[in-house]
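A short write-up of the structure that comes next.
Numbering of ligands and ligand atoms starts at 1, following listing order. The basis for the numbers below is simple: all heavy atoms, side chains too, and nothing from hydrogens, waters or symmetry mates.
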Amino acid sequence: MLGAMIRSIVILTGAGISAESGVPTFRASDGLWENHRIEDVATPQAFRRNPTLVQTFYDQRRAFLGQVEPNAAHHALARLEAEWSGDFLLVTQNVDDLHDRAGHNHLVHMHGELNAALCTRCRAARPWRGPLIGNPPCPACGQSGTLRPDIVWFGEMPYHMDRIETALAAADLFVSIGTSGAVYPAAGFVELARHAGAHTLELNLEPSAGTPMFHEARHGPASVLVPAWVEEMLAAD
Ligand code: APR
């Protein structure tokens with residue numbers, strides 16, 4: 001599809017775009033996520049049952065962000081946003097800050113962010129860089145022992161859904177990058193975009209659960225596929 005026919009782009013990214021930066025994906029073949037079952041660290045029930053385990057797990061992942069850098073795929077998407085003449089929205093399922101560090105003005109983190117804390121008492125979400133273990137006070141209400149990672153866990157409502165659905169309804173092109181298509185509502189975005197008349201493209205290491213729903217799929221590492229696709233888009237813009 002030629003760039004000249006496309007004005008509005010919506011991009012969805014998942015863990016695969018950060019894999020080559022050294023951030024582990026969720027659904028490795030052993031079914032474990034950094035030696036934990038996802039249910040033991042990524043549900044409100046798990047947090048109630050064992051807050052120390054959950055806080056420690058996310059504290060370690062937050063600290064790990066200091067050891068990783070955006071890769072060529074993150075940088076290519078930042079370039080696309082900066083140079084694209086039409087509308088652009090990047091929706092990420094990732095809780096890392098690699099898209100942010102690559103540089104975006106039109107980015108939403110639908111599953112929250114490692115670098116933010118949410119107060120379970122006053123509901124304020126604030127930037128947070130250090131550990132949450134040790135019950136630091138909420139910067140908004142001052143209460144101690146009420147902060148949790150600002151991460152959307154299984155069973156919770158993803159963020160920014162109104163903005164995302166509005167953008168999908170107006171999209172000419174929907175591109176899904178590095179996601180297994182296993183988790184809704186993100187896995188349903190391709191159908192919403194198709195229904196709205198958008199062309200749909202998957203860029204993933206391998207065929208995903210959602211591949212049959214896309215008009216077009218390209219398979220390979222994001223650090224190769226994404227810069228090549230961005231070149232195509234900007235050349236046709
Ligand atoms: N380049 C492109 N794709 C890759 C690469 C790579 N270098 N490495 C892995 N992938 C692909 C995998 O083939 C897989 O299809 O990225 C996908 C990662 O899938 P998941 O681990 O399931 O991650 P994701 O789709 O982001 O998970 C969705 O699940 O646990 C929740 O909330 C969590 O946001 C997460 C959501």
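Between R62 and N115, some side-chain heavy-atom pair lies under the 4.5 Å cut-off. The side-chain heavy atoms of D150 and W128, taken from C-beta on, include no pair separated by under 4.5 Å. In this structure the side chain of F26 never reaches within 4.5 angstrom of the side chain of S180, judged on heavy atoms.
At least one N or O atom of A222 sits closer than 3.5 Å to an N or O atom of ligand 1. By the 3.5 Å distance cut-off applied to N or O atoms, L205 is counted among the residues near ligand 1. For ligand 1, the polar-atom distance check finds an N/O of A15 within less than 3.5 Å of one of the ligand's N/O atoms. Annotation: P221 places no N or O atom under 3.5 Å from an N or O atom of ligand 1; distance criterion only. At least one N or O atom of S180 sits closer than 3.5 Å to an N or O atom of ligand 1. At under 3.5 Å, a nitrogen or oxygen of E206, whether backbone or side chain, sits near a nitrogen or oxygen of ligand 1.
In terms of modelled atom types and a separation under 3.5 Å, the side chain of W84 and the main chain of S8 share no donor-acceptor contact.
A donor-acceptor pair shorter than 3.5 Å cannot be found between the side chains of H109 and T92.
Residue E20 approaches ligand 1 through these ligand atoms, each under 4.0 Å from one of its heavy atoms: 1 (N), 6 (C), 7 (N). Near G14, meaning under 4.0 Å from one of its heavy atoms, ligand 1 places the atoms 26 (O). For ligand 1 and A19, the ligand atoms under 4.0 Å from any heavy atom of the residue are 8 (N). Proximity to H111 (heavy-atom distance under 4.0 Å) selects the following atoms of ligand 1: 32 (O), 34 (O), 35 (C). Near G178, the atoms of ligand 1 lying under 4.0 angstrom from a non-hydrogen atom of the residue are 3 (N), 16 (O), 17 (C), 18 (C). Residue contact check: F154 has heavy atoms under 4.0 Å from atoms 30 (O), 31 (C) of ligand 1.
Using cut-offs of 30° and 60° for the angle between ring planes, the H36 and F57 rings count as perpendicular.
Clustering ILVMFWY residues whenever any of their side-chain heavy atoms sit less than 4.5 angstrom apart, transitively, puts F174 in the very cluster that holds M110.
Contact detail for F88 and L77: the closest heavy-atom pair is CZ-O, 3.9 Å.
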